[in-house]
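Here's the structure we're looking at; comments come further down.
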Amino acid sequence: MTHRLSIGGAASLALPLAALALVGAAIVVLSNIGEQHTWTHEPAASIQTVRVPRGQFVYEQPGEFTLEGHRVDAPVERTFVRGALEVMKYQVSAADYAQCVSDGACAAPDSTGPVRLDLPVTGVSYNDAVAYADWLSAVTGETWRLPTDRESAYFRNAESAPPTATPSGSFADTWLAEYRNKASQPREAQNAISPFGTFGENPFGVADTMSNVWEWTSTCYTRVRLDAGSSEVSRVENCGVRVLQGQHRAYISAFIRDAVAGACAIGLPPDHLGFRLVRERHWYDPLVRWAGRGLRLIA
Amino acid sequence: MTKTTALFRRTFLAGVASVAVAAPLGLAVPALAQEAPVDIAALERVQVDLVAPPFVHEHDQVAQGEPRVVEFRMEIEEKEMVVDGQGTVFQAMTFEGSMPGPLMVVHEGDYVELTLVNPETNSFPHNIDFHASTGALGGGALTHVNPGEEVVLRWKATRPGVFIYHCAPEGMIAWHVASGMSGAIMVLPREGLSDGEGNPITYDRAYYVGEHDLYIPRDEDGNFKDYGSHGEAYGETLDVMKTLTPSHVVFNGAVGALTGENALTAEVDETVLFVHSSALRDTRPHLIGGHGDYVWAEGSFNNPPLVDLETWHIPGGAAGAAVYTFLQPGVYAYVNHNLIEAEQLGATAHVLVDGEWDDDLMTQVQEPRPIE
């Protein structure tokens with residue numbers, strides 16, 4: 001016996017369908033709520049962001065590249081950033097980070113600066129930055145994360161340094177040339193932690209991209225071997241070391257909070273380590289936020 | 001014929017007898033000559049302009065001519081010095097404005113005549129103790145100068161070697177030395193350096209690395225304190241000194257002073273002499289990537305050098321000397337091999353060496369690749 005789909009029949013089907021949709025949505029929402037912690041703190045002020053439109057830029061890949069056993073410059077290529085980026089206008093502030101510490105979700109930083117809304121947090125490692133991003137996401141119900149090196153290079157709008165001609169000769173010649181090159185680049189140590197905006201804004205409106213605070217990215221240090229045709233023979237990632245963007249690119253172990261005490265053998269290492277976050281938008285964000293607040297009320 | 005032979009034999013015997021008597025007398029002549037007073041007024045005088053470390057003033061390795069009087073002049077300068085990349089200010093006391101003071105070079109048998117000047121701009125009395133000299137606390141008892149005074153001391157360099165000199169005012173010796181007031185003098189054998197088996201050792205260039213342990217107090221937040229004057233720093237500095245734990249261990253007066261644009265340089269096949277001094281603490285120099293071909297670790301040239309050392313020990317209160325002929329190009333680090341002191345406290349110098357790489361000595365057979 002076949003059932004003809006009458007209005008009544010459709011109605012009887014609609015209810016289970018709607019229930020199924022609700023359950024599905026609930027699963028998506030609940031799976032994104034994260035740990036069932038009761039966060040009693042949240043960022044002191046609303047977070048200012050800049051929307052960086054999609055576009056193209058010249059990008060030098062991070063990591064170490066060798067060609068038939070010899071160190072070579074990393075490939076530099078014009079690349080597209082397909083979607084718009086929403087990035088914090090300023091680095092994460094000392095006050096906001098302190099809220100995370102009060103909640104017990106972040107470790108206290110190694111910084112000596114005062115805890116203020118207009119000063120960046122410093123003395124934080126990659127692990128600290130990730131912990132903060134996780135906490136901020138849980139508190140706001142949004143998705144905050146560290147930018148990749150590529151995203152960071154893009155929203156910093158920094159001029160890609162002209163590739164230094166790779167000197168020919170033995171590895172010793174290259175080694176000496178790199179040493180002398182770094183030695184001739186004068187840079188004074190800048191110890192003072194300056195308020196947001198001190199180092200200006202770039203054309204995108206992102207502030208302090210050339211400050212004395214180097215910013216963690218999520219990109220891992222990579223060693224790539226190239227063959228004569230410039231295609232990759234092998235790529236080995238070392239995620240114990242992460243890439244930072246700042247006045248120059250840096251590679252620092254993920255647990256280091258203070259690069260001053262030994263990150264670079266020659267020349268001055270980064271003055272301070274900090275970070276800023278990128279926000280990803282998902283369709284379920286408002287639902288997660290609502291559900292999260294609801295849980296906090298009843299918990 | 002018999003007469004001639006007899007005459008010859010008699011003369012011969014007389015000759016032998018004369019030689020037998022004369023020989024000990026002849027050998028005694030030099031000994032007698034040593035005990036005769038030297039007429040210093042008759043000696044040649046030479047004035048030497050000192051140069052700032054790590055460089056060494058021009059000198060002959062083999063002494064040309066007779067022992068002479070070598071005149072030096074050093075001005076004492078109390079000054080503030082920045083000792084690390086974070087801008088930490090140190091209340092220093094120096095010979096000639098540098099930490100360490102400059103290296104002097106003379107030969108065994110020369111006389112060192114030093115004019116020691118304590119300008120009015122200084123606040124403290126000073127003096128000098130030459131470890132190479134004999135008597136009067138190394139000259140310390142005869143060279144007390146208050147601000148506004150100068151003194152002249154002459155002493156005979158009787159022992160070849162490298163020796164430190166330092167300020168030593170009674171009751172404040174440790175503080176003056178810990179404030180940077182030490183340097184070194186090299187007394188070369190008149191025939192130059194030797195390997196102890198009759199073969200001469202010559203060097204193409206010489207560097208002087210003066211190591212100083214500093215004891216800079218910190219405040220409650222852990223930052224180094226900046227005092228307005230030496231006197232203000234004295235009490236708390238003494239407390240840190242008594243812990244015997246330095247806050248900095250520096251080469252040539254500051255962390256990184258002998259790196260970057262100020263790195264030492266050499267070339268493959270060049271022989272370099274490294275003179276190293278440490279007035280308070282023991283140290284253990286090591287050339288990363290090289291060796292000590294010939295090392296006078298405790299600094300005395302009358303002892304044959306030790307050969308082929310990786311690391312050597314210089315006791316606190318001494319200078320040592322090491323000679324190395326570079327065989328490979330590249331970047332070397334010359335360090336105090338307590339690597340905590342080298343890396344974290346500043347006891348590192350770099351040496352940049354140009355030349356051809358020798359694959360026979362070392363080669364990378366396979367570059368790093370994913371494990372197969």
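A, B, ... follow the sequence lines: proteins, then strands. Residue 1 opens every chain. Since the structure is predicted, the reported quantities are computational estimates derived from the model, not experimental observations.
Here the OG atom belonging to S234(A) is positioned 7.0 Å from the CD atom belonging to E367(B), to the nearest 0.5 angstrom.
Atom CD of E356(B) sits in a sparse spot, with 12 or fewer heavy atoms from other residues, nucleotides or ligands closer than 6.0 Å. Counted within 6.0 Å of CD1 on I340(B), heavy atoms from surrounding residues, nucleotides or ligands total 12 or fewer; the atom is thus considered open. Residue Y90(A) qualifies as enclosed at atom OH: its count of foreign heavy atoms under 6.0 Å is above 12.
Only the side chain of Q366(B) comes within less than 4.5 Å of a heavy atom of chain A; its backbone N, CA, C and O stay farther away. For D354(B), the parts lying near chain A are the backbone and the side chain together; criterion is any non-hydrogen pair under 4.5 Å.
The minimum heavy-atom distance between G260(B) and Y179(A), with the atom names listed, is N-OH, 2.7 Å. Counting all heavy atoms, side chain and backbone alike, R225(A) lies closest to P370(B) at NH1-CD, 3.3 Å.
Remark: the E261(B) side chain and the S184(A) side chain contain no N/O donor-acceptor pair separated by less than 3.5 Å.
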